[in-house]
Student: 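After the structure tokens below, expect a handful of questions from me.
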Amino acid sequence: MKTHKGAVTVQSFHYDVESPAAEVKSDLQIQIEHPEFKDEKGQPLDESEGKIFQVIIPFEIHPENAPFKVSGLIGQVVQLVGFEGTQEDLEPKQVEQISRPVVEYIETLTYQVTAVALNRGVSLNFTAHSKVEPNKAMKEAQAKKKKK
């Protein structure tokens with residue numbers, strides 16, 4: 001799927017010291033929204049090439065035996081060239097494809113911050129087998145659409 005991508009934006013990123021014995025967390029919740037974006041003149045953005053969505057990922061991660069946790073909210077605006085449906089029409093593979101740059105940004109920021117804070121970078125690796133999936137609201141909307 002061809003896409004036009006905006007810059008990845010960091011709304012928040014928190015690094016906190018945590019007991020290595022604390023509960024392991026790997027909570028990334030992919031949210032895909034279709035807000036009514038406006039240009040500088042207050043006009044709706046041109047979607048003649050395809051729908052424009054905002055990918056937002058709130059996250060909270062505490063790797064096993066790690067002395068830290070990270071959390072935050074990172075997102076990106078993407079235009080799906082040739083796609084005219086709604087976010088509920090996106091297949092899981094498409095959701096993974098358009099959210100991957102944001103997930104990679106979380107992995108990169110975590111590595112860079114831990115390299116400074118711990119004198120060694122900690123690599124996170126969220127793959128297709130990880131629990132990175134659409135949030136509950138999006139899953140429910142997709143289920144309703146399939147029932148129709």
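Fair warning: this is a prediction, and the values are worked out from it, not measured in the lab.
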Student: Hey, does the side chain of S99 reach the backbone of I30 with a donor-acceptor pair shorter than 3.5 angstrom?
Tutor: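 A pair under 3.5 Å: no.
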Student: Applying the 4.5 Å side-chain criterion to the ILVMFWY set and letting contacts propagate, would V95 and M1 be lumped into a single cluster?
Tutor: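 The answer is yes; both residues are in one hydrophobic cluster.
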Student: Using every non-hydrogen atom in the two residues, find where P67 and P20 come nearest and quote the distance to one decimal.
Tutor: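 Looks like CA-CG, 4.1 Å.
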Student: Sequence neighbours excluded, which residues qualify as side chain to side chain contact (heavy atoms under 4.5 Å, CB included) partners of K38?
Tutor: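 Scan of K38 (side chain to side chain contact (heavy atoms under 4.5 Å, CB included), adjacent residues dropped) gives E36, P44.
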Student: Can you tell me how far the CZ atom of F68 sits from the OG1 atom of T110, to the nearest 0.5 Å?
Tutor: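 The distance works out to 6.5 Å.
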Student: N65: what forms a side chain to side chain contact (heavy atoms under 4.5 Å, CB included) with it, not counting sequence neighbours?
Tutor: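 N65 satisfies side chain to side chain contact (heavy atoms under 4.5 Å, CB included) with no other residue.
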Student: Using the test side chain to side chain contact (heavy atoms under 4.5 Å, CB included), find all partners of T9 that sit at least two apart in sequence or belong to another chain.
Tutor: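 Partners of T9 under the side chain to side chain contact (heavy atoms under 4.5 Å, CB included) test: Q11.
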Student: Indicate, with yes or no, if F13 and L118 share a hydrophobic cluster defined by side-chain heavy-atom contacts under 4.5 Å among Ile, Leu, Val, Met, Phe, Trp and Tyr.
Tutor: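 They do share one cluster, since a chain of ILVMFWY contacts under 4.5 Å joins L118 to F13.
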Student: Starting from F37, can I reach L90 by hopping between I/L/V/M/F/W/Y residues whose side chains sit under 4.5 Å apart?
Tutor: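 Different hydrophobic clusters.
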Student: Hey, what do you get for CG (L80) to CD (Q97), rounding to the nearest 0.5 Å?
Tutor: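 So the CG of L80 and the CD of Q97 are separated by 8.5 Å.
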Student: Output yes when E107 and R100 qualify as a salt bridge under the 4.0 Å nitrogen-oxygen rule, no when they do not.
Tutor: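 Salt bridge between E107 and R100, a charged N being under 4.0 Å from a carboxylate O: yes.
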Student: For L28, which of I74, V102, I106 qualifies under side-chain contact (heavy atoms from CB on, under 4.5 Å)?
Tutor: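 Looking at I74, V102, I106, the match for L28 under the side-chain contact (heavy atoms from CB on, under 4.5 Å) is I106.
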Student: Calculate, to the nearest 0.5 Å, the distance between atoms NZ and CD belonging to K2 and Q79 respectively.
Tutor: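 These two atoms lie 10.0 Å from each other.
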Student: Hydrophobic clustering (ILVMFWY, side-chain heavy atoms < 4.5 Å, transitive) - are V10 and V103 grouped together?
Tutor: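 Linked within one cluster.
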Student: Starting at CD of E23, measure out to NE2 of H62 and round the result to the nearest 0.5 Å.
Tutor: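 The distance works out to 9.5 Å.
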Student: Which ring pair (Phe, Tyr, Trp, His ring centres under 6.0 Å) pairs, counting each pair once, include a residue from residues 91-112, with sequence neighbours left out?
Tutor: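 Sorted result for residues 91-112: empty, none.
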Student: Using residues 45-61 as the side-chain source, report each donor-acceptor pair under 3.5 Å to any protein atom, sequence neighbours left out, with the distance given to one decimal.
Tutor:
unit_1: D46; atom_1: OD1; unit_2: S48; atom_2: N; d: 2.9
unit_1: D46; atom_1: OD1; unit_2: S48; atom_2: OG; d: 2.9
unit_1: D46; atom_1: OD2; unit_2: S48; atom_2: OG; d: 3.1
unit_1: E47; atom_1: OE1; unit_2: H34; atom_2: NE2; d: 3.4
unit_1: E47; atom_1: OE2; unit_2: H34; atom_2: NE2; d: 2.7
unit_1: E47; atom_1: OE2; unit_2: I52; atom_2: N; d: 2.8
unit_1: E49; atom_1: OE1; unit_2: H4; atom_2: NE2; d: 3.0
unit_1: E60; atom_1: OE2; unit_2: K25; atom_2: NZ; d: 3.4

Student: Examine L73 and V113 and state if one hydrophobic cluster contains both, with Ile, Leu, Val, Met, Phe, Trp and Tyr joined whenever side-chain heavy atoms are less than 4.5 Å apart.
Tutor: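 No, it is not one cluster - the side chains of L73 and V113 are not joined through contacts under 4.5 Å.
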Student: Which pair of heavy atoms, one from E18 and one from A22, lies closest together, and at what distance?
Tutor: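 Nearest heavy atoms, E18 then A22: OE2-CB, 3.4 Å.
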Student: Calculate, to the nearest 0.5 Å, the distance between atoms NZ and CD1 belonging to K93 and I98 respectively.
Tutor: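 Going from NZ on K93 over to CD1 on I98, the span is 13.0 Å.
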Student: Could you list the residues that satisfy side chain to side chain contact (heavy atoms under 4.5 Å, CB included) with P101, not counting sequence neighbours?
Tutor: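 P101: side chain to side chain contact (heavy atoms under 4.5 Å, CB included) contacts with K5, Q76.
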